[in-house]
Amino acid sequence: MSDGLEDVVAAHTVLSEVDGAAGRLVMRGHSLDALAGHTSFEEMAALMLDGFVPNLPRQKQLQVALGEARKELFETIVSDAVPAALSPVEMVRAMTALIPDGEGAGVVLKLLAAPAVFTPAALRLRRGLAPVAPDPSLSQAADTLRMLTGAAPTPQQAAALDTYLVTVADHGLNASTFAARVVASTRAGLVSAVLAGISALKGPLHGGAPGPVIEMLDAIGAPADARAWLEAALDRGDRLMGFGHRIYRVRDPRADALKGAIRRLGADAGRLALAEAVEQAALAILRERKPNRTLETNVEFYTALLLEALGFTPDSFTCVFALGRTTGWLAHAHEQIAGGKLIRPQSVYVGPQPRQAA
Ligand code: CMC
């Protein structure tokens with residue numbers, strides 16, 4: 001028995017390797033450094049899904065096919081009937097659930113395109129604005145930003161979003177990927193697998209952390225106030241969002257990939273300085289308070305800053321994470337289906353037994 005399945009190996013995968021001791025991430029044979037900042041969303045999706053989906057368009061054709069999928073989803077699913085009282089990630093999940101379930105390249109394309117269309121639509125609907133129709137001629141990253149604001153993004157903004165989406169495309173057997181693999185193993189279909197992934201991702205211990213990072217930075221306000229605020233949060237028993245990881249015992253390599261993207265974007269220097277001060281204070285305090293546990297910066301800390309700089313609101317950060325991670329969920333779902341085995345672990349019953357008749 002292992003609480004939280006810690007250290008349990010539940011799959012062999014060709015998709016990614018997370019080396020928690022060295023702080024190293026490899027995806028399909030390439031290091032994160034070689035991918036982030038050098039690869040588009042489309043190239044990453046093609047790389048991750050290579051060999052798994054018969055008839056999936058490759059390279060330039062994938063960008064065209066994703067553009068068409070965005071257009072179809074916008075015309076068939078986006079509507080103001082989805083309750084705007086839901087959170088953005090709940091709206092994206094509700095719209096994704098309207099895609100007919102199944103397997104094959106057609107479903108894969110729709111699922112890869114879904115968060116790109118549904119996230120900007122959800123955010124605009126919640127603000128009482130009309131959703132912006134996709135431009136299928138654009139890359140998925142550029143079109144996502146265009147549908148969000150209504151204006152074409154700069155090449156630097158589109159490149160920064162590509163860097164983020166590639167950085168979070170896959171990460172071993174994290175909670176949402178495991179959830180997607182469990183559902184895929186029942187052969188319920190890829191839409192169901194992705195819905196399981198979104199549902200697991202939205203929790204604050206997984207992909208829901210970056211929104212609260214912004215709340216923390218806003219509440220702290222100035223570098224000089226960081227230590228007192230962080231100490232008070234830990235005294236209340238709160239966790240510091242953006243720190244700690246189940247696998248990494250050193251700094252999460254994705255944090256620096258994203259910090260590099262923030263610098264290249266030329267984002268607000270004051271905001272970055274505040275974040276760096278909060279990060280340093282948090283690391284020092286966590287070292288003092290948890291000397292036996294290495295708690296380092298994780299991906300979510302600089303995710304928050306990068307997505308904020310790109311114009312996403314904190315309540316939508318998990319949707320953008322889903323846009324990147326759908327690639328991983330789909331690749332893992334295919335790998336699981338190809339392996340063929342239903343995931344069905346055991347439990348040990350520790351409740352009462354029926355009373356024996358006297
Ligand atoms: N702030 C304060 N204390 C912490 C934190 C934190 N961020 N993370 C772990 N701890 C403490 C925890 O209280 C526990 O202390 P003790 O042993 O005294 O009870 C100890 O460190 C071990 O924690 P754990 O919950 O057993 O560790 P875990 O491997 O189950 O948790 C985690 C990993 C990511 C859920 C956790 O570090 C956390 O809650 N972090 C904050 C939320 C966050 O940033 N999540 C994003 C994760 S990265 C994105 C992804 O890949 O999903």
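These values consider heavy atoms only, across backbone and side chains, with no hydrogens, waters or symmetry-generated copies. The chain is numbered in sequence order, starting from 1. What you see is a predicted model, and the numbers here were worked out from it, not measured in a lab. For ligands, and for the atoms within them, numbers begin at 1 and follow the listed sequence.
If you check each of Phe321, Phe301, Tyr248, Phe243 against atom 41 (C) of ligand 1, the one with the closest non-hydrogen atom is Phe243. Nearest to atom 9 (C) of ligand 1 by heavy-atom distance, out of Leu295, Val168, Asn298, is Leu295. Comparing Arg239, His171, Arg246 by heavy-atom distance to atom 39 (O) of ligand 1, the nearest is Arg239.
When heavy-atom distances to ligand 1 are checked against a 4.0 Å cut-off, Arg325 has no atom that comes that close, whether in backbone or side chain. The parts of His206 lying near ligand 1 are both backbone and side chain, judged by heavy-atom distances below 4.0 Å. Proximity of Lys290 to ligand 1, defined as any heavy-atom pair under 4.0 Å, is confined to the side chain (atoms from C-beta onward). No part of Ala175 comes within 4.0 Å of ligand 1, judged by heavy-atom distances. Residue Arg293 touches ligand 1 through its side chain alone, judged by heavy-atom distances below 4.0 Å. In Asn174, neither the side chain nor the backbone holds a heavy atom less than 4.0 Å from any atom of ligand 1.
Under a 4.0 Å N-O distance rule, the pair Glu42/Lys60 does not qualify as a salt bridge. With respect to the salt-bridge test (charged N to carboxylate O, under 4.0 angstrom), the residues Asp218 and Arg271 qualify. Salt-bridge formation is detected for the pair Asp235/Arg289: a Lys NZ or Arg NE/NH1/NH2 atom is positioned less than 4.0 Å from an Asp or Glu carboxylate oxygen. Between Arg28 and Glu43 no salt bridge is recorded (no basic side-chain N to carboxylate O distance below 4.0 Å). Contact check on Arg146 versus Asp143 returns a salt bridge, with a Lys/Arg side-chain nitrogen under 4.0 Å from an Asp/Glu carboxylate oxygen. Looking at Arg227 and Glu288, a side-chain N of the basic residue comes within less than 4.0 Å of a carboxylate O on the acidic one, giving a salt bridge.
Taking the six-membered ring for Trp and the full ring otherwise, the centers of His38 and His30 sit at least 6.0 Å from each other.
Remark: ligand 1 atoms within the under-4.0 Å shell around heavy atoms of Val299 are 49 (C). The distance from ligand 1 to the heavy atoms of Ala209 drops below 4.0 Å at these ligand atoms: 43 (C), 44 (O), 45 (N), 46 (C). Atom numbering of ligand 1 starts at 1 in the shown order; those under 4.0 Å from a heavy atom of Gly242 are 43 (C), 44 (O). Within ligand 1, the atoms closer than 4.0 Å to a non-hydrogen atom of Gly244 are 34 (C), 37 (O), numbered from 1 in the order shown. Those atoms of ligand 1 with a heavy atom of Met241 less than 4.0 angstrom away are 42 (C), 44 (O).
Leu240 N, 3.6 Å is the protein heavy atom nearest to atom 6 (C) of ligand 1. Of the protein's heavy atoms, Leu205 O, 3.3 Å lies nearest to atom 45 (N) of ligand 1.
Checked by atom type and distance alone, the side chain of Arg251 never pairs as donor or acceptor with a backbone atom of Gly23 at under 3.5 Å.
Within 6.0 Å of atom CZ in Arg236, more than 12 heavy atoms from other residues, nucleotides or ligands are found, so the atom counts as buried in its surroundings.
Applying the ring pair (Phe, Tyr, Trp, His ring centres under 6.0 Å) rule to Phe243 yields the partners Phe301; only residues at least two apart in sequence or on another chain are considered.
The closest side-chain heavy-atom distance from Leu25 to Tyr248 is below 4.5 Å. Between Pro134 and Met147 the shortest side-chain heavy-atom distance falls below 4.5 Å.
Considering backbone and side-chain N/O atoms, Leu234 never comes within less than 3.5 Å of an N/O atom of ligand 1.
Distances shorter than 4.0 angstrom occur between a heavy atom of Arg254 and an atom of ligand 1. The closest approach between a heavy atom of Pro204 and any atom of ligand 1 is below 4.0 Å. Heavy atoms of Val213 come nearer than 4.0 angstrom to ligand 1 in no pair at all.
Distance check on atom 17 (O) of ligand 1: every protein heavy atom falls at or beyond the 4.0 Å cut-off.
The aromatic rings of Phe52 and His334 are tilted relative to each other, their planes meeting at an angle between 30° and 60°.
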